[in-house]
Engineer: 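Please find one structure pasted underneath; my questions will follow.
One-based numbering, in listed order, for ligands and for the atoms of each. Sequential numbering from 1 along the given sequence is applied to the chain's residues. Worth saying up front: this structure is predicted, and the values here are computed from it rather than measured.
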Amino acid sequence: MRFENVARLDGKVALITGAAGGMGALAAHLFAQQGASVMVADFNVEGAAAVAAEILSEGGHASSVGGDVSTSADCRAMVDATVGAFGGLNILYNNAGIMLADDDNPVTTDEDVWDRTMDVNLKGVFLCCKFGIPAMLASGGGSIINVASFVAHMGAATPQIAYTATKGGVLSMTREIAAIYARQGIRCNALCPGPVGTPLLAQLWSDPARKARRVVHIPMGRWAEAEELARAALFLASDDSSFMTGQSLLVDGGIVSAYTTPE
Ligand code: NAI
């Protein structure tokens with residue numbers, strides 16, 4: 001039979017950053033349900049431990065590790081903890097990211113907002129790849145999923161300049177990593193969500209006017225559910241996307257394809 005009905009991540013080991021909450025936590029549950037052993041990594045140590053405990057109570061395999069992705073030693077420790085707990089690394093899901101409230105246009109945005117956003121969103125992906133890729137090569141290859149955003153593809157007049165710049169960088173880095181490692185069994189793709197109903201966005205768009213101004217540009221007329229992104233991440237993590245690398249998977253309700261939206 002050409003299509004086997006098995007759990008799609010059976011025997012795989014996944015490291016997911018920023019997995020204490022939001023999309024990362026849901027992906028941790030889904031990946032574990034699909035047979036992966038999951039390392040739940042986050043600088044929210046208690047939150048990460050709670051997600052791992054939930055997965056264990058559901059009969060899955062998981063462990064947790066604390067750490068800040070903007071710190072080299074922490075990224076190394078996350079990878080070491082994963083290999084130590086589960087014997088290898090096949091899926092590196094670089095999901096941790098921040099969007100700071102004071103991130104605005106180039107004139108008003110402070111340098112420290114720019115620097116912190118770069119450190120977490122862009123350098124964090126670089127550092128996790130720096131330490132994760134050798135572990136993946138030693139494990140026979142696998143899949144890297146870097147979370148970018150639809151703003152890596154288009155500009156917004158209601159800006160978050162630092163955030164947008166980091167996501168463009170994540171997309172460029174994704175393509176290059178894909179090209180470098182394509183013959184060594186590592187695929188690397190970017191997941192580009194549109195607006196998703198997670199704490200990150202709820203906090204930023206608590207102002208109804210600000211929310212309405214954005215939702216009007218989404219052809220589907222709503223935010224994504226975090227589950228919809230977890231399913232897209234599963235596609236990229238699994239062999240279902242085995243001939244796909246260096247791509248940007250937009251899961252955006254049609255934003256990037258549309259010039260106008262229905263009334
Ligand atoms: P969230 O804020 O709900 O969760 C992010 C998680 O990352 C939290 O558990 C947080 O503790 C952790 N984290 C933050 N900084 C960290 C650091 N330095 N080291 C380790 N962990 C850290 O965010 P959400 O919405 O689930 O976002 C996940 C990813 O998706 C991010 O990269 C975000 O930029 C991206 N994204 C989100 C969109 C949205 O509308 N929510 C849209 C497009 C992209």
Engineer: For atom CG of Asp102, decide whether the heavy atoms of other residues, nucleotides or ligands shown that lie under 6.0 angstrom number more than 12.
Structural biologist: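 Atom CG in Asp102 is not packed in, count stays at 12 or less.
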Engineer: Above 12 or not: heavy atoms from other molecules or residues under 6.0 Å from CE of Met220?
Structural biologist: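 For Met220, atom CE is not crowded (no more than 12 foreign heavy atoms under 6.0 Å).
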Engineer: For the side chain of Asp110 and the backbone of Asp112, is there at least one donor-acceptor N/O pair under 3.5 Å apart?
Structural biologist: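 Pair absent, no side-chain N/O of Asp110 close to backbone of Asp112.
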Engineer: Could you tell me whether the side chains of Asn146 and Thr174 share a donor-acceptor contact shorter than 3.5 Å?
Structural biologist: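 Distance-only check passes for Asn146 and Thr174.
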Engineer: State plainly whether the residues Arg8 and Asp240 are in salt-bridge range, i.e. N to O under 4.0 Å.
Structural biologist: yes
Engineer: Distance under 4.0 Å, heavy atoms only, partner ligand 1: which residues pass?
Structural biologist: Gly18, Ala20, Gly21, Gly22, Met23, Asp42, Phe43, Gly67, Asp68, Val69, Asn95, Ala96, Gly97, Ile98, Arg116, Val120, Val147, Ala148, Ser149, Tyr163, Lys167, Pro193, Gly194, Pro195, Val196, Thr198, Pro199, Leu200, Leu201
Engineer: Is a side-chain donor or acceptor of Asp103 paired with a backbone partner of Ile161 at a separation under 3.5 angstrom?
Structural biologist: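 Indeed, once roles are kept as given, a pair shorter than 3.5 Å links the two residues.
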